Amino acid sequence: MKNFLTRKRLGATALLATAALALSACGGSGTTTPGTESGPSYAVAKDVKLTGSPTFDKMKSNGKVRIGVKQDQPGLGFKDAATGEYSGFDIEIARWTAASLGFGTDKIEFKPIPSANRESALANGDIDLYVGTYSITDKRKKLVDFAGPYFITGQGLLVKKSNDTIKSEKDLAGKNVCSATGSTPIQNIKANFPNTKTTEFDTYSKCVDALKSGTVDAVTTDQAILLGYASQDPATLKVVGEPFTVEKYGVGLPKGDTALRTFINEMFTNGGATWTKIFDSTLGKSGTKVEQPKVDQY
Ligand code: GLU
């Protein structure tokens, strides 16, 4: 953890956010809502009126909200194989959003969707929302809309504990680095690290397997994600260096649904106490306090 505190390029919020990860796939011990075993509870809004939102109309007629998530990112979006229970910071942000729209946990359908398929899933109407380490970028904004940001982190590196040659992104020349197809980190490596070889999978957990088996030298993605993997196997894995990009997480929405975007942005703006509860019960379990980022109502 000590590395993150010396970070120069990121703002204070990002610094604290990355430093604060408690590295647990389990939720907190707060009051439970029906259908969840852990994490805070949320008041399910009644008689929500949201005019001019085709996505909300669809949720109402379906009687449920379909939320795209990650299922293999401990601490953020993780599905317990034994119980089928989802947990993590992103999952709680999704549950909070659903409750604000009038949908309790029993009215949420989580759909695991990998990084490369997020824009198409939203455009095709396969999901109503996406909450899964989804960076707000100008390129993606051409295809989808974002509410938020609700969290800030940055690209980092995961290596084997025994590795003493890769200490930061400056040591990647001639190395084979793994990341997820369609992600901002793989795009950054391809664009700005011409002497670095890349390996791609649809998910980061496959990259972690490749790292453990020695097929690749490092895994790169958001440090918040990498810390989750390192925490699951600290004897084998470590996060090195400092975040070298800024990744702002947004809730992905179908393009043009401004009413829904405004609604969720207001939820974030007015829901500081809930945000803090969510953070404290997931990524912040180490006890570190983090500021919620300010919403960017573009
Ligand atoms: N936040 C980055 C992205 O949206 C990396 C994590 C991910 O692939 O979900 O591409």
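Just the heavy atoms: all of them, side chains too, but no hydrogens, waters or symmetry mates, feed the values below. Predicted model only: the values in this text are computed from it and were never measured. One-based numbering, in listed order, for ligands and for the atoms of each.
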Whether [Y] and [X] form a salt bridge (side-chain N of Lys/Arg under 4.0 Å from carboxylate O of Asp/Glu) is what I want to check.
X: Asp296; Y: Lys248; result: no
X: Lys64; Y: Glu109; result: yes
X: Arg95; Y: Glu85; result: yes
X: Lys255; Y: Glu119; result: no
X: Lys175; Y: Asp171; result: no

Does ligand 1 have an atom that lies less than 4.0 angstrom from a heavy atom of [X]?
X: Lys70; value: yes
X: Ala180; value: no
X: Ile225; value: yes

Under 3.5 Å: N/O of Tyr249 near N/O of ligand 1: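 N/O-N/O distance under 3.5 Å: no.
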Nitrogen or oxygen atoms of Ser135 and ligand 1 under 3.5 Å apart: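 For ligand 1, there is an N or O atom that lies under 3.5 Å from one belonging to Ser135.
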Using a 4.0 Å heavy-atom cut-off, say whether [X] meets ligand 1 through its side chain, its backbone, both or neither.
X: Arg118; value: side chain
X: Asp222; value: side chain
X: Thr221; value: side chain
X: Arg140; value: side chain

Where ligand 1 meets Gly132 - atom numbers and elements under 4.0 angstrom, heavy-atom basis: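 That gives atoms 9 (O) of ligand 1.
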For atom 2 (C) of ligand 1, closest protein heavy-atom neighbour: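 Protein heavy atom with the smallest distance to atom 2 (C) of ligand 1: Thr184 OG1, 3.2 Å.
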Plane angle bin for Tyr150 and Phe268 - parallel if under 30°, tilted between 30 and 60°, otherwise perpendicular: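 Because their plane-to-plane angle is under 30°, the rings of Phe268 and Tyr150 count as parallel.
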Thr153 and Glu247 side chains, donor-acceptor separation under 3.5 Å: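 No, Thr153 and Glu247 have no side-chain donor paired with an acceptor closer than 3.5 Å.
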Over 12 non-hydrogen atoms of neighbours within 6.0 angstrom of NZ in Lys238: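 Above 12, so yes.
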